[in-house]
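Structure, as C-alpha cells:
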Amino acid sequence: MPESPTQLGPVELVVLTFPHAEIAPSIGTALAAATDAGYATVLDLVYLAKDSDGQLTLREFAEPLDDLGLGRLTATRELISNEDLEVVSGAMRPGTSAVVVVYEQTWARALGEAVRADGGEVELHLQVPRDVLAASLAEI
C-alpha cells in the first residue's frame with residue numbers, strides 16, 4: 001500500500017444504501033471482485049443498520065463481517081469520520097442499512113505515476129453523476 005497521497009490513485013467515498021437491515025451476499029462478492037481484479041483497494045469500510053426502533057448498529061472493518069458477506073474485504077485505514085457516519089445515519093430510516101466504503105481506484109495509480117514521471121499532473125478528476133450521463137446519452 002502506498003504511504004503518501006501522491007502514490008495513490010483517486011480516492012473516493014461511496015455510500016450504498018438498502019431498504020432493509022440485511023444486505024445481500026452479492027454486495028460483498030461484487031466489491032471483492034473489484035479488489036481481486038486490482039481495480040480498487042478498500043481503504044475503509046463501515047456497515048450501519050437502523051432497526052425499527054431507530055437504534056443504530058455500527059460495524060467497522062476490523063470487526064468480523066462474514067455474516068454480512070463482507071468478510072473477504074480487508075481495509076487498511078480508518079478514513080471515515082464520525083461526522084461522515086452522523087450524516088449517513090441521520091439520513092437513514094428505521095429498518096434500513098448502509099455500507100460506507102472509502103476506496104482507491106487502484107487501476108489509476110500506475111497512470112498517475114507515469115504522468116508525474118513525465119513532469120505532468122493529474123489536474124482534474126471528476127465523477128460524472130449518473131443522471132447527467134443519462135441525459136447526455138439520451139441526446140445522442
Are the side chains of [Y] and [X] in contact, using a 4.5 Å heavy-atom criterion?
| X | Y | result |
| --- | --- | --- |
| Leu133 | Arg130 | no |
| Leu73 | Leu45 | yes |
| Thr96 | Thr17 | no |
| Thr57 | Leu48 | no |

### Task
For Glu121 and Arg116, run salt bridge (charged side-chain N to carboxylate O under 4.0 Å, His left out): C-alpha distance rounded to whole Å, both residues' side-chain angles, the deciding distance at 0.1 Å, then the answer.
CA-CA 6 Å; Glu121 286 294 325; Arg116 286 185 292 280; 5.3 Å; no

Is [Y] reachable from [X] through a run of hydrophobic residues whose side-chain heavy atoms are each under 4.5 Å from the next?
| X | Y | value |
| --- | --- | --- |
| Leu70 | Leu16 | yes |
| Trp107 | Leu31 | no |
| Leu8 | Val115 | no |
| Val128 | Leu124 | no |
| Val87 | Val99 | no |

Can any side-chain N or O of [X] pair as donor or acceptor with the backbone N or O of [Y] at less than 3.5 Å?
| X | Y | result |
| --- | --- | --- |
| Ser52 | Pro94 | no |
| Arg59 | Pro64 | yes |
| Glu63 | Glu60 | yes |
| Lys50 | Met92 | yes |
| Ser81 | Asp84 | yes |
| Thr35 | Thr41 | no |

#### Entry: Separation of Asp51 CG from Ser97 OG (nearest 0.5 Å)
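Between atom OG of Ser97 and atom CG of Asp51 there are 12.0 Å.
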
### Query
Can you tell me how far the CG atom of Asp44 sits from the CD atom of Glu104, to the nearest 0.5 Å?
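Reported to 0.5 Å precision, the distance equals 14.0 Å.
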
### Task
Apply salt bridge (charged side-chain N to carboxylate O under 4.0 Å, His left out) to Asp118 and list each qualifying residue two or more places apart in sequence or on a separate chain.
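Salt bridge (charged side-chain N to carboxylate O under 4.0 Å, His left out) check on Asp118 returns nothing, list empty.
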
### Partner of Leu43 under side chain to side chain contact (heavy atoms under 4.5 Å, CB included), chosen from Leu13, Ile80, Val101, Leu79
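For Leu43, the side chain to side chain contact (heavy atoms under 4.5 Å, CB included) test succeeds with only one of Leu13, Ile80, Val101, Leu79, which is Leu79.
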
Of all heavy-atom pairs between [X] and [Y], which one has the smallest distance, and what is that distance?
| X | Y | answer |
| --- | --- | --- |
| Glu78 | Phe61 | CG-CE2, 4.0 Å |
| Ala49 | Ala21 | CB-O, 4.2 Å |
| Val15 | Ala98 | CG1-CB, 4.4 Å |

### Message
Run the side chain to side chain donor-acceptor pair (under 3.5 Å) test against Asp36 and tell me which residues pass, sequence neighbours left out.
### Response
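Listed in chain order: Arg72.
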
### Task
Determine, step by step, whether Thr74 and Val42 satisfy the side chain to side chain contact (heavy atoms under 4.5 Å, CB included) criterion, reporting the C-alpha distance in whole Å, the side-chain angles of both residues, the deciding distance to 0.1 Å, and the verdict.
CA-CA 7 Å; Thr74 58; Val42 174; over 6 Å; no

### Message
Within the supplied structure, the quantity of interest is the number of heavy atoms (other residues, nucleotides, ligands) at a distance under 6.0 Å from Tyr39 OH; does it exceed 12?
### Response
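No - once you tally the heavy atoms of other residues, nucleotides and ligands closer than 6.0 Å, there are 12 at most.
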
### Query
Can Tyr103 and Glu12 be counted as having a side-chain donor-acceptor contact under 3.5 angstrom?
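Yes, Glu12 and Tyr103 have a side-chain donor paired with an acceptor closer than 3.5 Å.
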
